[in-house]
Asker: 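Below is the structure I would like to discuss, written out as structure tokens.
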Amino acid sequence: MTVLAIRACKRHAVRQIVALAKGGRKPFEGLMIELSSEGCRTSNLGRSGFSVGDAASVDVGEQRFNGRIRWFHDGIAGVRFDQALFNGELNGLIAYCRGEGQGEAPRYGTSG
């Protein structure tokens, strides 16, 4: 039996080391494996102690994205960003996380 999940936002496979922190505490290094305009999924977090509803920040290169932990289990966390990414931001971040860009992740409204 095939299960079809209808999602509000398209998800993109990526592979990027990020720092995930909650409440100003020491960040945990993880691997961002999925990205959408509204959030991300990060693995390899071990027993970091994140809980549903925790305020969290995701650092990707020089950029920081604030959000909340939507779910956490088996060292994998889903984070919903406080503010959705614009298409230009999302596309630039996807390219950076896939190793298609050089240097830091481009910021919205810049040429990179």
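Predicted model, so just to flag it, every value in this text is computed and none were measured.
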Asker: Can you tell me if K22 uses its side chain to pair, donor with acceptor, with the backbone of S51 under 3.5 Å?
Answerer: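 A pair under 3.5 Å: no.
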Asker: Answer yes if Y96 and F81 sit in the same cluster of Ile, Leu, Val, Met, Phe, Trp and Tyr residues linked by side chain heavy atoms under 4.5 Å apart, and no otherwise.
Answerer: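 Linked within one cluster.
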Asker: Determine the minimum heavy-atom distance between L93 and Q63, stating which atoms define it.
Answerer: CD1-OE1, 4.1 Å
Asker: Testing the basics here: between L35 and C40, what is the closest heavy-atom pair and its distance to 0.1 Å?
Answerer: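 Here L35 and C40 meet closest at CD1-CB, 4.2 Å.
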Asker: Tell me whether R68 contacts the main-chain N or O of G53 through its side chain, where contact means a donor paired with an acceptor under 3.5 Å.
Answerer: yes
Asker: Measure across S36 and L85 and return the closest heavy-atom pair with its distance rounded to 0.1 Å.
Answerer: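 S36 and L85 have their closest heavy atoms at O-CD1, 4.1 Å.
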Asker: To the nearest 0.5 Å, how far apart are OG1 in T42 and CD in Q16?
Answerer: 10.5 Å
Asker: Heavy atoms, side chains only, cut-off 4.5 Å: are W71 and I76 in contact?
Answerer: yes
Asker: Would a distance-only check, ignoring hydrogens and angles, find a side-chain to backbone donor-acceptor pair under 3.5 Å from E89 to F86?
Answerer: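 Yes, because the side chain of E89 sits within donor-acceptor range (under 3.5 Å) of the backbone of F86.
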Asker: Considering non-hydrogen atoms only, spot the tightest contact between N66 and S57 and give its length.
Answerer: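 Smallest interatomic distance, heavy atoms only, reads OD1-CB, 3.4 Å.
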Asker: Between atom CD of E38 and atom CZ of R70, what is the distance when rounded to the nearest 0.5 Å?
Answerer: 9.0 Å
Asker: If I compare all heavy atoms of C97 with all of V14, which pair ends up nearest, and what's the gap?
Answerer: CB-CB, 3.6 Å
Asker: Which atom pair, heavy atoms only, marks the closest approach of L20 to A56?
Answerer: CD1-CB, 4.2 Å
Asker: Apart from I17 itself, which Ile, Leu, Val, Met, Phe, Trp or Tyr residues share its cluster (side-chain heavy atoms under 4.5 Å, direct or through members)?
Answerer: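 L31, I33, which link up through side-chain heavy atoms under 4.5 Å apart, make up the rest of the cluster.
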Asker: Out of curiosity, M32 CE to R41 CZ, how far, rounded to the nearest 0.5 Å?
Answerer: 12.0 Å
Asker: Considering residues at least two apart in sequence or located in another chain, which fulfil the side chain to side chain contact (heavy atoms under 4.5 Å, CB included) criterion with F72?
Answerer: L45, S48, F50, I69, A77
Asker: Would the distance check show the side chain of R98 and the main-chain N or O of A13 forming a donor-acceptor pair, the cut-off being under 3.5 Å?
Answerer: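 Yes: the side chain of R98 pairs with the backbone of A13.
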